[in-house]
Enquirer: 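Here's a structure for you.
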Protein chains: 2
Amino acid sequence: MDNTAPTITKLLQVDAPHRGLLDELLDKWSLQVLDQLCERSLRFNELRRAIPAVGQKSLTATLRRLERNGMITRVVLEARPVAVEYRISPIGETLNELVDALLRWTDQQLPAVQEARARYDGSGA
Amino acid sequence: MDNTAPTITKLLQVDAPHRGLLDELLDKWSLQVLDQLCERSLRFNELRRAIPAVGQKSLTATLRRLERNGMITRVVLEARPVAVEYRISPIGETLNELVDALLRWTDQQLPAVQEARARYDGSGA
DNA sequence: CGGTATCCATTGCGATACTG
DNA sequence: CAGTATCGCAATGGATACCG
């Protein structure tokens, strides 16, 4: 696995597609959708309820983007009126592991961050 | 201090500050600035040159935000006209490790992602 | 239910000009 | 050099209405 793990920095600068991909995947709603679907598959309106702050338009856009990049799959169930289920994909699961690592990091560092904020806000105010 | 690491998912939903922090830290420019400063400290205009696509205004905002959250430190050097150096902080370095993991992930998954995109774009077009 | 289409307010962001 | 201030456009994103 260490075949391509050279100065990671170069990936950022030289190889735009890598950055572009993260830009599409690390936004506010994607992280939350990903996290929800990692627990279990959900329907459109279930997702809306699970993430109350997201608007319908934004949720649709987020789902399309995640689907296009292969992170989730959109499954149309035969049912009356219509039923669509969104599922995490294998790749999506690997991404979610990294996102979880990020979440664990925030959990650890939040106190230090809040202290830093207090210092910054205090010295400037 | 309870080190309970319960279903990470709950952190996302219940605890807004965690998500909020990631929202401030995972944007387009922050990742690149962080990555640059992890290699070596840089001055304002060095950063601009290192990340040509970023505007002055956005760079300033990004630096302030990273500084406020304790990820970098702003060091005013005594020099003529003025010299300011931006340095990664210890916390910032730990964040950058996770970002690097993300970058390595994109490097691994990019082919699969591009395939997914081709499939998506092809079936829809 | 699971969307799309449209309108509209807000914001983001680049370009430009100016300052200590 | 390292910013701040201002302007104006373009893109987000919410609210609403409507469709299969």
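Per chain, numbering begins at 1; letters A, B, ... match sequence-line order.
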Enquirer: Side chain to side chain contact (heavy atoms under 4.5 Å, CB included), that's the test. Do B:L103 and A:L22 meet it? Break it down for me.
Expert: CA-CA 8 Å; B:L103 255 349; A:L22 288 185; 3.7 Å; yes
Enquirer: Using a heavy-atom cut-off of under 4.0 Å over every strand shown, decide if B:R43 touches base, sugar-phosphate, or nothing.
Expert: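 Contact class for B:R43: sugar-phosphate only.
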Enquirer: Return the value, rounded to whole Å, for the distance between atom CD of A:E85 and atom C1' of C:dG2.
Expert: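 For the pair A:E85 CD and C:dG2 C1', the rounded distance is 14 Å.
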Enquirer: Using a heavy-atom cut-off of under 4.0 Å over every strand shown, decide if A:R64 touches base, sugar-phosphate, or nothing.
Expert: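 Sugar-phosphate, backbone atoms only, no base.
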Enquirer: Taking the axis from the first five pairs and the axis from the last five, what angle separates them in the helix from C:dC1-D:dG20 to C:dG20-D:dC1, rounded to 10 degrees?
Expert: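 Here the local axes at opposite ends form an angle of 50°.
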Enquirer: Check the pair A:L21 / B:R117 against side chain to side chain contact (heavy atoms under 4.5 Å, CB included), numbers first and verdict last.
Expert: CA-CA 11 Å; A:L21 180 54; B:R117 285 178 181 172; 3.6 Å; yes
Enquirer: Report the residues that fulfil side-chain hydrogen bond (donor to acceptor under 3.5 Å, both in side chains) with B:T94, sequence neighbours left out, ordered by chain and then residue number.
Expert: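 With neighbours one apart ignored, the set is A:W105.
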Enquirer: Would you confirm whether B:S89, through its side chain, and B:G70, through its main-chain N or O, come within 3.5 Å as a donor-acceptor pair?
Expert: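 Yes.
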Enquirer: For a quick check of understanding: with a heavy-atom distance under 4.0 Å over all strands, which category does B:V84 fall into, base, sugar-phosphate or nothing?
Expert: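 Sugar-phosphate: the residue B:V84, judged by heavy atoms under 4.0 Å, touches backbone atoms but no base.
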Enquirer: For the pair made of CG in A:D27 and C1' in C:dG12, what is the distance, rounded to whole Å?
Expert: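 Distance check: A:D27 CG to C:dG12 C1' gives 16 Å.
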Enquirer: Measure from CG on A:N45 to C1' on C:dG2 and round the result to the nearest Å.
Expert: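 It works out to 7 Å between those atoms.
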Enquirer: Rounding to an integer number of Å, can you tell me how far B:D23 CG sits from C:dG12 P?
Expert: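 Going from B:D23 (CG) to C:dG12 (P), I get 13 Å.
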Enquirer: Looking at A:R87 and A:E85, is there a salt bridge between them, counting it only when a charged N and a carboxylate O are closer than 4.0 Å?
Expert: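 A salt bridge links A:E85 with A:R87.
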Enquirer: Residues from residues 51-62 of chain B sitting under 4.0 Å of DNA chain C, heavy atoms only?
Expert: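 By residue number: B:A53, B:G55, B:Q56, B:K57, B:S58.
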Enquirer: Report the distance from atom CZ of B:R65 to atom C1' of C:dC13, rounded to the nearest whole Å.
Expert: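 Roughly 13 Å, once rounded to whole Å.
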Enquirer: Sub-3.5 Å donor-acceptor pair from the side chain of A:Q32 to the main-chain atoms of A:K28, do we have one?
Expert: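 Yes.
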Enquirer: Applying the 4.5 Å side-chain criterion to the ILVMFWY set and letting contacts propagate, would A:V75 and A:L59 be lumped into a single cluster?
Expert: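 A:V75 does not cluster with A:L59.
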Enquirer: On DNA chain C, compare the nucleotides closest to B:W29 and A:V82; which residue's is nearer the 5' end?
Expert: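 In this pair, the answer is A:V82.
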Enquirer: Could you state the CZ-P distance from A:R80 to C:dG2, rounded to the nearest angstrom?
Expert: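 After rounding, the gap between these two atoms is 13 Å.
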Enquirer: Select base, sugar-phosphate, or nothing to describe what B:R48 touches, counting heavy atoms under 4.0 Å on all strands.
Expert: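 B:R48: no heavy atom of the nucleic acid under 4.0 Å.
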Enquirer: What closest approach, in Å, do B:L47 and B:L42 show between heavy atoms, and which atom pair accounts for it?
Expert: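 Shortest heavy-atom separation between B:L47 and B:L42 comes out as CD2-CD1, 3.7 Å.
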Enquirer: Would you say A:T62's side chain and A:S58's backbone share a donor-acceptor pair under 3.5 angstrom?
Expert: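 Answer holds: yes.
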Enquirer: Taking the side chain of A:Y86 as its heavy atoms from C-beta onward, which of C:dG2, D:dA2, C:dG3 lies nearest to it?
Expert: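 The closest nucleotide is C:dG3.
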Enquirer: Roughly, in whole Å, what's the span from CZ in B:F44 to C1' in D:dT4?
Expert: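 Nearest whole value for this atom pair: 10 Å.
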